[in-house]
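Numbers here are sequence positions counted from 1. All ligand and atom numbering here is 1-based and tracks the order in the structure. In what follows, every heavy atom counts, from backbone to side chain, and hydrogens, waters and symmetry copies are set aside. Quick caveat: nothing in here was measured; it's all calculated off a predicted structure.
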Amino acid sequence: MSNSKSIPFLDLIEPHKKLEEKFVSVFREALRTGKFIGGPVVEEFEKEFADYCGTAYCIGVGSGTDALRFALLAAGINKGDAVVTVANTFIATTEAITQCGATPVFVDIDERTYNLSPEILKEYFETKCETDHQTGRLVDLRTGKLVAAIIPVHLYGQMADMDSIMDLAEKYNLLVIEDACQAHGASYFSRRENEWKKAGSVGIASAFSFYPGKNLGAFGEGGAVTTNNEEIAKKIRMIRDHGQVTKYYHEIEGYNGRLDAIQAGILSVKLKHLDNWNSRRRANALFYNERLSAGGNVVTPYEPSWSKAVYHLYVVRVQDRDNLQKQLSGIDLSTGLHYPIPLHLQKAYAHFGYTHGDLPVTEKVTKEIISLPMFPDLTSEQQERISDAIANFIAERQTCSNNS
Ligand SMILES: Cc1ncc(COP(=O)(O)O)c(C=O)c1O
């Protein structure tokens with residue numbers, strides 16, 4: 001049972017309190033108009049979110065998983081294709097790939113940012129692929145599949161090194177679909193374009209999740225694809241709505257993957273507060289960094305100079321992580337593991353034939369990462385308690401090892 005001293009992992013109550021009247025009016029509008037799916041409220045949110053991300057189009061869909069799947073389908077990914085991504089992500093990234101009939105190929109991550117490593121990606125293209133002389137396309141040697149796309153995941157709210165990834169994608173003629181499901185409002189300084197770019201505005205299409213716990217969360221399921229490509233936008237509008245442009249005239253077979261009007265209305269209300277919430281998350285991250293990095297026993301998040309992360313999750317690395325998590329849980333401090341088993345070692349993907357040792361960096365960090373409570377209303381008093389509890393754990397551990 002929680003008590004006044006317990007600290008939740010995230011807080012889905014406090015940020016909504018002040019906005020309650022605005023949320024209620026979204027419901028009233030739906031009741032008055034009877035427009036529950038599609039309609040002007042969805043269109044308005046789509047326009048606002050496209051403007052926010054700096055893209056020409058935004059298409060509201062049923063979830064982040066839908067967003068990824070529809071983006072891949074609209075970009076033409078299908079059976080026979082390989083899509084390169086990371087194993088330190090939520091399984092939705094790869095579910096979207098396999099559900100298009102394609103095969104995920106995992107490459108390792110950067111040990112400091114935990115995102116797709118452009119150096120390892122380059123090495124993968126150079127040593128584990130060959131060019132098909134007839135088509136000029138890259139073939140993954142392990143699977144024999146044509147490499148068609150890369151999905152960089154902007155994990156924990158920090159963008160992957162997109163310039164280097166885009167350079168490689170251009171060199172090998174590959175599509176880039178961003179998994180921005182954890183990165184609403186994160187930005188990246190593009191050295192290629194000499195400007196800051198928002199998550200969701202770099203690849204040919206990008207997927208966002210509005211799952212309630214996300215930095216921009218709905219009151220249920222929701223997602224969106226952002227893109228500057230008109231054809232892809234048009235296709236996704238069809239795919240999300242059973243492949244129809246006009247009711248009951250189906251150009252293709254699609255899905256039921258639309259964004260509800262009530263969720264879109266809620267998201268419009270919340271979008272106006274996203275920058276403020278994100279900057280409070282950033283301030284909290286700074287506070288944690290100062291408290292936790294002192295002893296040198298906790299690896300705090302690394303933010304390159306070209307990145308502005310939005311700390312969907314605040315993830316540190318420690319030795320003996322599982323015991324730390326148990327100890328924190330014993331004093332009602334909630335933490336999470338994102339993620340405890342990398343995808344290439346999941347039972348669901350045993351048939352892909354990966355084994356321990358295939359992705360050494362991913363496997364190493366997976367054993368050490370722990371996500372600490374992170375939300376805009378987290379207080380400095382709460383952060384101090386968490387940091388002190390971690391420091392105590394480390395001190396006890398050191399005493400034990402000195403005595404043994
Ligand atoms: C990295 C990543 N990709 C995809 C998704 C899928 O989003 P949804 O749960 O909205 O389908 C999530 C959501 O947790 C995610 O974190």
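With ligand atoms numbered from 1 in the order given, ligand 1 contributes 2 (C), 3 (N), 4 (C), 5 (C), 12 (C), 15 (C) to contacts under 4.0 Å with heavy atoms of C181. Here is the list of ligand 1 atoms found below 4.0 Å of a heavy atom in V153: 1 (C). Of all the atoms in ligand 1, the ones that sit under 4.0 Å from a non-hydrogen atom of S63 are 10 (O), 11 (O). Ligand-side atoms of ligand 1 in range of A92: 4 (C), 5 (C), 6 (C), range being under 4.0 angstrom from any heavy atom. Ligand-side atoms of ligand 1 in range of D179: 1 (C), 2 (C), 3 (N), 4 (C), range being under 4.0 angstrom from any heavy atom. With ligand atoms numbered from 1 in the order given, ligand 1 contributes 1 (C) to contacts under 4.0 Å with heavy atoms of T89.
From the protein, the heavy atom lying nearest to atom 9 (O) of ligand 1 is S209 OG, 4.0 Å. Looking only at heavy atoms of the protein, atom 16 (O) of ligand 1 is closest to Q182 NE2, 2.9 Å. Of all protein heavy atoms, the one closest to atom 8 (P) of ligand 1 is G64 N, 3.4 Å. Atom 11 (O) of ligand 1 has its closest protein heavy atom at T65 OG1, 2.5 Å.
A salt bridge links R258 with D241: at least one charged nitrogen is closer than 4.0 Å to a carboxylate oxygen. Ion pairing between a basic and an acidic side chain is recognised when a charged N comes within 4.0 Å of a carboxylate O; E363 and K367 show no such pairing. E251 has no carboxylate O lying under 4.0 Å from a charged side-chain N of K234, or vice versa, which leaves the two without a salt bridge.
Ligand 1 has no N or O atom lying under 3.5 Å from any N or O atom of F210, backbone or side chain. Note: no N/O pair closer than 3.5 Å links E221 and ligand 1 by distance alone.
When the shell of 6.0 Å around CG of L31 is examined, it contains more than 12 heavy atoms from other residues, nucleotides or ligands. Within a 6.0 Å radius of CD in E253, no more than 12 heavy atoms belonging to other residues, nucleotides or ligands are found.
When side chains are defined from C-beta on, N215 counts as touching L274, because their heavy atoms get closer than 4.5 Å. Side-chain atoms of M159 and W306, non-hydrogen and from C-beta on, never get closer than 4.5 Å to each other.
Between K214 and ligand 1 there is a heavy-atom distance shorter than 4.0 Å.
Residues Y339 and H344 place their aromatic rings such that the two centres sit no closer than 6.0 Å. Aromatic rings of H16 and F219 (six-membered ring for Trp) have centroids within the 6.0 Å cut-off, being under it.
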